[in-house]
Amino acid sequence: MKTKIILNKFWKNRNVKQRSFLFIVIIPTLLATLYFSLIASDRYVSTAKFAIKGNESPQLDLLGGISGLPSQSASSDGYILQDFILSYSILAAIKIHINIEPLFNREEADILSRLGDNSTQEKQTQYWRKMVTSSFDPTSGITSLTVRTFNPNDSKVLADAVINASEQLINTLSKRSRHDDLSFAEKEVKLAELRVTKARQAMNLFRQKHQDLDPTQTAVAKMTLIGQLEAQLATAKAELIAKTSFMRNGTSPIKALKRQIDALEIQIVAEKSSISNNNNTLNQLSNLENGLSSVFADYEPLLIERTFAEKAYTSVLASLEVARIESAKKHRYLATFVEPRVPDEALEPYRIKSIFIVFLSTLILWGIGLLGLGAIRDHAGWV
């Protein structure tokens, strides 16, 4: 009889709005109150704060200098680390040293808060993101870590494991960056060495073919010698003209001058022929200019290539030394300035706050539902 009276009082004697309010707002709030007051297990929170530090020279960022924000390269590692902390990768790295399933399935934990047995990777990742949170401040470059477990010591151990895994990631990224920079510089040095070797080999083949160490210096020396011979020839001819004015052609001085002139002319022709194609035949005098052009057309590109290759090799050697110095500077590490500690008391769940959030959320949902239903009735002309 009493049950029937209570049922009539709280349900049958209520209109639709009151019933919906009871069903949507009151009952969920009562269930939330029951869960957070009597069932929800305590969660012990351990926090830590750290930043990625390095001794490399900062890069100039015009936009960052104007806005006061750090450069994109300075904050990229922080975002990478944040995504790593919230991914299954760090979970797999921690599993190598710590079995996390017993930590999240302790007897102190209520059934709704446990991870559960034989959970999949996706479920573990979702559960991990609820129990471990991370936030990165791009302005200061500080990463804040929050770890929740059902035992104070577990929170400390798990927070330390997260920091160690994060430090290993930063060390790996730093090592890979230094290795990539050095590898690129060393590859450029090898390419430059190969280019210098090929240029020198081509130069040696040219010298062996033409039997000449330096055609430019040889040509200069030959032309100097020809100039001197031509000057001597001009002097001898002038002297011959002068002596024939008062001496007979058959005299000994005249004969000696003629023999000297003939010898000079033969020597000049021979020197010009040697410059032409290393051939002393007289019929190649007309090809003197073409011979010089052919030799220098083959020699100058080789000389230019060798000079450029040697300068490029010197440049990449200097770049390699700079890369080694910069690589030694590019050492990044994780600086933890707020160490995780063993919590003295449970800070979560926020029981009163959670109950109020459930009540407020259901109340807003109920109000929106009534407004929507009233709008539909007005639009349809319902009574």
Problem set entry | Qualifying residues under side-chain contact (heavy atoms from CB on, under 4.5 Å), relative to Ser135, sequence neighbours excluded | Ser144
Problem set entry | Those residues that, when tested against Leu194, pass side-chain contact (heavy atoms from CB on, under 4.5 Å) (two or more places apart) | Lys198
For this session: Starting from Leu34, walk the hydrophobic network (Ile, Leu, Val, Met, Phe, Trp, Tyr; side-chain heavy atoms closer than 4.5 Å) and list everyone else you reach, by chain and number.
Result: Tyr35, Phe36, Leu38, Ile39, Ile111, Leu112, Ile355
Exercise. Pairs in or reaching into residues 345-375: which pass ring-ring contact (aromatic ring centres under 6.0 Å, His included), with residues at least two apart or in two chains?
Worked result: Phe21-Trp366
Problem set entry | Heavy-atom closest contact (Val162 atom, Ile85 atom, distance) | CG1-CG2, 4.2 Å
Exercise. Do Thr146 and Thr47 meet the criterion of a side-chain donor-acceptor pair at a distance under 3.5 Å?
Worked result: no
Problem set entry | Shortest non-hydrogen contact between Ser41 and Ala109, atoms and distance | OG-CA, 3.5 Å
Exercise. How far apart are the closest heavy atoms of Phe84 and Ala165, and which atoms are they?
Worked result: CE2-O, 3.8 Å
Exercise. Does atom CG of Asn99 have more than 12 heavy-atom neighbours from other groups under 6.0 Å away?
Worked result: yes
Exercise. Among all residues two or more places apart in sequence or in another chain, which pass the ring-ring contact (aromatic ring centres under 6.0 Å, His included) test with Phe104?
Worked result: Tyr127
Seminar exercise, completed: Hits for side-chain hydrogen bond (donor to acceptor under 3.5 Å, both in side chains) against Glu230, two or more places apart or cross-chain, chain-then-number order -> Lys272
Problem set entry | Heavy-atom pair of closest approach, residues Leu86 and Val132 | CD2-O, 3.6 Å
For this session: Return yes when atom CD1 of Ile352 has more than 12 non-hydrogen atoms of other residues, nucleotides or ligands closer than 6.0 Å, and no otherwise.
Result: no
Problem set entry | Distance in Å, Ile261 CD1 paired with Ile266 CD1, rounded so as to fall on 0.5 Å steps | 12.0 Å
Problem set entry | Derivation and outcome, side chain to side chain contact (heavy atoms under 4.5 Å, CB included), residues Phe50 and Leu81 | CA-CA 11 Å; Phe50 47 83; Leu81 183 58; 3.5 Å; yes
For this session: Kindly give the heavy-atom pair with the smallest separation between Leu103 and Phe150, and that separation in Å.
Result: O-CD1, 3.9 Å
Problem set entry | Side-chain touch Thr235/Gln260, heavy atoms, less than 4.5 angstrom | no
Problem set entry | Under-4.0 Å salt bridge between Arg43 and Asp154 | no
For this session: Please assess Glu305 against Arg195 for the test side chain to side chain contact (heavy atoms under 4.5 Å, CB included), listing each intermediate value before the final yes or no.
Result: CA-CA 9 Å; Glu305 173 63 18; Arg195 186 173 183 178; 2.8 Å; yes
Exercise. Who pairs with Thr125 by side-chain contact (heavy atoms from CB on, under 4.5 Å), at least two apart in sequence or on another chain?
Worked result: Tyr88, Arg129
Problem set entry | Non-neighbouring partners of Lys311 that pass side-chain contact (heavy atoms from CB on, under 4.5 Å), sequence neighbours left out | Thr307
Exercise. For Phe337, what are the other residues in its hydrophobic cluster, where any two members join if their side-chain heavy atoms are less than 4.5 angstrom apart?
Worked result: Ile142, Val338
For this session: Walk me through it: do Lys53 and Asp77 pass the test salt bridge (charged side-chain N to carboxylate O under 4.0 Å, His left out)?
Result: CA-CA 10 Å; Lys53 297 294 183 181; Asp77 289 343; over 6 Å; no
Problem set entry | Residues forming a side-chain hydrogen bond (donor to acceptor under 3.5 Å, both in side chains) with Arg341, sequence neighbours excluded | none
Problem set entry | Minimum-distance pair of heavy atoms, taken over all atoms of Asn151 and Glu108 | ND2-OE2, 4.4 Å
For this session: Please step through side chain to side chain contact (heavy atoms under 4.5 Å, CB included) for the pair Asp110 and Ser113, ending with a clear verdict.
Result: CA-CA 5 Å; Asp110 61 89; Ser113 300; 2.7 Å; yes
Exercise. What residues join Leu347 in its hydrophobic cluster, counting side-chain heavy atom gaps under 4.5 Å, either direct or through other members?
Worked result: Val45
Problem set entry | Lys95 bridged to Glu101 by N-O distance under 4.0 Å | no
Exercise. Looking only at side chains, do Ser134 and Gln82 share a donor and an acceptor under 3.5 Å apart?
Worked result: no
For this session: Show your reasoning for whether side chain to side chain contact (heavy atoms under 4.5 Å, CB included) applies to Val196 and Gln201.
Result: CA-CA 9 Å; Val196 170; Gln201 289 176 352; over 6 Å; no
For this session: Scan for side-chain hydrogen bond (donor to acceptor under 3.5 Å, both in side chains) pairs involving residues 158-172, sequence neighbours excluded, and state none if there are none.
Result: Lys156-Asp160
Exercise. How far apart are the C-alpha atoms of Tyr79 and Phe136, what are their side-chain angles, what is the distance that settles it, and do they pass the ring pair (Phe, Tyr, Trp, His ring centres under 6.0 Å) test?
Worked result: CA-CA 7 Å; Tyr79 287 113; Phe136 173 69; 4.9 Å; yes
